[in-house]
**Student:** 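The structure that follows is given in the form of structure tokens.
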Amino acid sequence: MSERVEIETCTSPAQDSLAQEFVHFALAGGVLRFGEFKTKAGRLSPYFFNAGLFDDGAKLGKLAQFYAQRLLGSGIEFDMIFGPAYKGIPLGAALAVELARAGKNVPFAYNRKEAKDHGEGGTLVGAPLKGRVLIVDDVMSAGTAVRESIALIQQAGATAHAVVIALDRQEKATENGLDVNHSAVQYVQQQLGLQVCAIAKLNDLMQYLQHHSVPGLADAHARVQAYRARYGVEGV
């Protein structure tokens, strides 16, 4: 775990054109959907973000551009990328390629869920973990994947330095089945001491819905707003 410090967060302006473009991209690709979806916390959410549906070369490449643009504009410094299994693996690989295109070539590694007992063995694949490590994931629900990644990174003698995600739900986390007054992102920032950068936040989604009509979902903004009022926290 990195030393507890005052955290520099990846902030965005009130009118964030990159976030608005990303929300539009996720909607157009069917990655961001509206309806009724049960979350890990047992809540009925009016929206669902499934990064697994960035499922072809064009979509994954465009997603990597969003990650890279947000990161390069954030000022966050890092020495390598780590993609936690499973969704973080293609995300991290695609981001590494896009950053190299932008002139920032950094090593990339990922983990297996089960240790390999032949060949190179172990649970880690790719470049050796060292220096300041950036963890890449899609969303952060409970922070479990981040904590597991931190343990692997520490065991290798490196420093978990920052996390980049596609969407910050800005939603209360749960502990022992109870809501708490912080989000998973806030926990990672304030308790684990990592910087967290998101391409877009729930506030950006709400702003998009306020100014754009989603076909067949005239009440989408009101439903998301009600969910935010019940489960939301102020983002940091």
**Student:** Output all residues satisfying side chain to side chain contact (heavy atoms under 4.5 Å, CB included) with Phe22, sequence neighbours left out; order by chain, then residue number.
**Tutor:**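 By the side chain to side chain contact (heavy atoms under 4.5 Å, CB included) rule, Phe22 matches Phe25, Phe49, Phe54, Leu63, Phe66, Ala166, Ile199, Ala200.
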**Student:** Do Gln195 and Gln189 have a side chain donor and acceptor closer than 3.5 Å?
**Tutor:**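 No, no side-chain donor-acceptor contact under 3.5 Å.
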**Student:** Any sub-3.5 Å donor-acceptor pair from Gln20's side-chain atoms to Asp204's backbone N or O?
**Tutor:**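 Answer holds: yes.
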**Student:** Start with the C-alpha distance between Thr123 and Leu152, add both sets of side-chain angles, then the distance that settles side chain to side chain contact (heavy atoms under 4.5 Å, CB included), and finish with yes or no.
**Tutor:** CA-CA 9 Å; Thr123 60; Leu152 288 169; 4.0 Å; yes
**Student:** Listed by chain and number, what are the salt bridge (Lys or Arg N to Asp or Glu O under 4.0 Å) partners of Arg101, not counting sequence neighbours?
**Tutor:**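 With neighbours one apart ignored, the set is Glu98.
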**Student:** Going through the checks in order, is the side chain to side chain contact (heavy atoms under 4.5 Å, CB included) test met by Val133 and Phe78?
**Tutor:** CA-CA 6 Å; Val133 181; Phe78 55 94; over 6 Å; no
**Student:** Got a sec: does the NZ of Lys59 have more than 12 other heavy atoms crowding it under 6.0 Å?
**Tutor:**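 Atom NZ in Lys59 is packed in, count exceeds 12.
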**Student:** Got a sec, which residues hit side chain to side chain donor-acceptor pair (under 3.5 Å) with Tyr208, two or more places apart in sequence or on another chain?
**Tutor:**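 Partners of Tyr208 by the side chain to side chain donor-acceptor pair (under 3.5 Å) criterion, ordered by chain and then number, come out as His24.
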**Student:** Do NZ/NE/NH1/NH2 and the carboxylate oxygens of Arg70 and Asp16 come within less than 4.0 Å?
**Tutor:**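 Asp16 and Arg70: salt-bridged.
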**Student:** For the residue pair Pro84 and Asp137, establish whether any side-chain heavy-atom pair is separated by less than 4.5 Å.
**Tutor:**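 The answer is yes; the side chains approach within 4.5 Å.
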**Student:** Please confirm whether the backbone N or O of Ala158 pairs with a side-chain atom of Arg132, one donor and one acceptor, at under 3.5 Å?
**Tutor:**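 Such a contact is absent between Arg132 side chain and Ala158 backbone.
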**Student:** Can you find a heavy atom in the side chain of His182 that is under 4.5 Å from one in the side chain of Val233?
**Tutor:**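 Sidechains of Val233 and His182: no contact.
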**Student:** Do Leu192 and Ile150 come close enough that some side-chain heavy atom pair is under 4.5 Å?
**Tutor:**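 Result yes, sub-4.5 Å side-chain heavy-atom pair found.
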**Student:** Using side-chain hydrogen bond (donor to acceptor under 3.5 Å, both in side chains) as the criterion, point out the one residue from Lys38, Arg169, Glu36 that pairs with Ser45.
**Tutor:**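 Among Lys38, Arg169, Glu36, the one that satisfies the side-chain hydrogen bond (donor to acceptor under 3.5 Å, both in side chains) with Ser45 is Arg169.
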**Student:** Going by side-chain heavy atoms closer than 4.5 Å, which hydrophobic residues are tied to Phe37, directly or by a chain of links?
**Tutor:**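 Noted: Phe37 shares its cluster with Phe48.
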**Student:** I'd like to know whether Leu134 forms a side chain to side chain contact (heavy atoms under 4.5 Å, CB included) with Leu71, so could you lay out the CA-CA distance, the side-chain angles of the two residues, the decisive distance to 0.1 Å, and finally the verdict.
**Tutor:** CA-CA 10 Å; Leu134 171 73; Leu71 270 173; 3.5 Å; yes
**Student:** Hey, what do you get for CD (Gln210) to CG (Leu205), rounding to the nearest 0.5 Å?
**Tutor:**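 Rounded to the nearest 0.5 Å, the CD-CG separation comes to 11.5 Å.
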**Student:** Kindly indicate whether the side chain of Val136, heavy atoms from C-beta on, has any atom under 4.5 Å from the side chain of Phe82.
**Tutor:**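 The answer is no, as the side chains (C-beta and beyond) never meet within the 4.5 Å cut-off.
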**Student:** Can you tell me how far the CG atom of Asn111 sits from the CD atom of Glu148, to the nearest 0.5 Å?
**Tutor:**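 Result: 8.0 Å between the selected atoms.
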**Student:** Any donor-acceptor pair under 3.5 Å linking the side-chain atoms of Thr174 with those of Arg43?
**Tutor:**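 Thr174 and Arg43 do not have a side-chain donor-acceptor pair below 3.5 Å.
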**Student:** Using the rule given for side chain to side chain contact (heavy atoms under 4.5 Å, CB included), can you reason through Leu18 versus Gln69, listing the C-alpha separation, both sets of side-chain angles and the distance that settles it, and then say yes or no?
**Tutor:** CA-CA 8 Å; Leu18 183 69; Gln69 191 171 343; 3.5 Å; yes
**Student:** Could you tell me which non-hydrogen atom of Leu129 sits nearest to which non-hydrogen atom of Ala109, and how far apart they are?
**Tutor:**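 So the minimum-distance heavy-atom pair works out to CD2-CB, 4.1 Å.
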**Student:** Quick one: pull up CE in Met80 and CD1 in Ile153 and give me the separation to the nearest 0.5 Å.
**Tutor:**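 Here the interatomic distance stands at 8.0 Å.
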**Student:** Rounded to the nearest 0.5 Å, how far does SG of Cys197 lie from CD1 of Ile165?
**Tutor:**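 Here the interatomic distance stands at 8.5 Å.
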**Student:** Is Val23 close to Leu32 at the side-chain level, that is, under 4.5 Å between some pair of heavy atoms?
**Tutor:**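 They are in contact (side-chain heavy atoms under 4.5 Å apart), so the answer is yes.
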**Student:** Considering residues at least two apart in sequence or located in another chain, which fulfil the salt bridge (Lys or Arg N to Asp or Glu O under 4.0 Å) criterion with Asp219?
**Tutor:**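 In terms of salt bridge (Lys or Arg N to Asp or Glu O under 4.0 Å), with neighbours along the sequence ignored, Asp219 is linked to no residue.
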**Student:** Might you point out which heavy atoms bring Phe108 and Ala96 nearest each other, and give the distance in Å?
**Tutor:**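 Closest approach of Phe108 to Ala96: CB-CB, 4.1 Å.
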**Student:** Could you check Leu194, Val164, Val196 and say which one makes a side-chain contact (heavy atoms from CB on, under 4.5 Å) with Ile135?
**Tutor:**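 Considering Leu194, Val164, Val196, a side-chain contact (heavy atoms from CB on, under 4.5 Å) with Ile135 is found only for Leu194.
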**Student:** So which heavy atom on Leu72 is nearest to which on Ala102, and how close?
**Tutor:**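 Scanning both residues, the minimum pair turns out to be CD1-CB, 3.9 Å.
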**Student:** Are any non-hydrogen side-chain atoms of Lys87 and Asn50 less than 4.5 angstrom apart?
**Tutor:**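 Answer yes - side chains close enough.
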**Student:** Rounded to the nearest 0.5 Å, what separation is found between the CG atom of Leu60 and the CG atom of Asp56?
**Tutor:**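 Rounded to the nearest 0.5 Å, the CG-CG separation comes out at 8.5 Å.
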**Student:** Please examine the side chains of Asn203 and Gln170, heavy atoms only from C-beta on, and report whether any two atoms are closer than 4.5 Å.
**Tutor:**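 Yes, at least one pair of side-chain atoms sits under 4.5 Å.
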**Student:** For the atom pair CD (Glu21) and CD (Gln65), what is the distance rounded to the nearest 0.5 Å?
**Tutor:**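 One gets 10.5 Å once the value is rounded to the nearest 0.5 Å.
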**Student:** Please name all residues satisfying salt bridge (Lys or Arg N to Asp or Glu O under 4.0 Å) with Lys172, sequence neighbours left out, ordered by chain then number.
**Tutor:**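 Result, salt bridge (Lys or Arg N to Asp or Glu O under 4.0 Å) vs Lys172: none returned.
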**Student:** Do the side chains of Leu53 and Arg33 get nearer than 4.5 Å, heavy atoms only?
**Tutor:**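 They are in contact (side-chain heavy atoms under 4.5 Å apart), so the answer is yes.
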**Student:** Do you reckon Val125 sits in the same ILVMFWY cluster as Val97, going by side-chain contacts under 4.5 Å, direct or chained?
**Tutor:**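 Each belongs to a different hydrophobic cluster.
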**Student:** Answer yes if Met140 and Val180 sit in the same cluster of Ile, Leu, Val, Met, Phe, Trp and Tyr residues linked by side chain heavy atoms under 4.5 Å apart, and no otherwise.
**Tutor:**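 No; tracing contacts between hydrophobic side chains, which count when under 4.5 Å, never links both residues.
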**Student:** For residues Ala68 and Leu99, report the shortest heavy-atom separation together with the two atoms involved.
**Tutor:**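 In this case the closest contact between Ala68 and Leu99 is CB-CD2, 3.9 Å.
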**Student:** Can you name the closest pair of heavy atoms from Leu27 and Phe34 and give their distance?
**Tutor:**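 In this case the closest contact between Leu27 and Phe34 is CD2-CE1, 3.4 Å.
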**Student:** List the atom of Val224, the atom of Leu202, and the distance in Å for their closest heavy-atom pair.
**Tutor:**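 For Val224 and Leu202, the tightest heavy-atom pair comes out as CG1-CD1, 3.7 Å.
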**Student:** Please confirm whether the backbone N or O of Ala220 pairs with a side-chain atom of Arg223, one donor and one acceptor, at under 3.5 Å?
**Tutor:**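 A pair under 3.5 Å: no.
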**Student:** Do any N or O atoms from the side chain of Gln186 and from the backbone of Ser183 form a donor-acceptor pair under 3.5 angstrom?
**Tutor:**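 Confirmed, Gln186 side chain pairs with Ser183 backbone.
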**Student:** Has the side chain of Ser74 got a donor or acceptor atom that lies under 3.5 Å from a matching backbone atom of Ile76?
**Tutor:**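 Checked: pair present.
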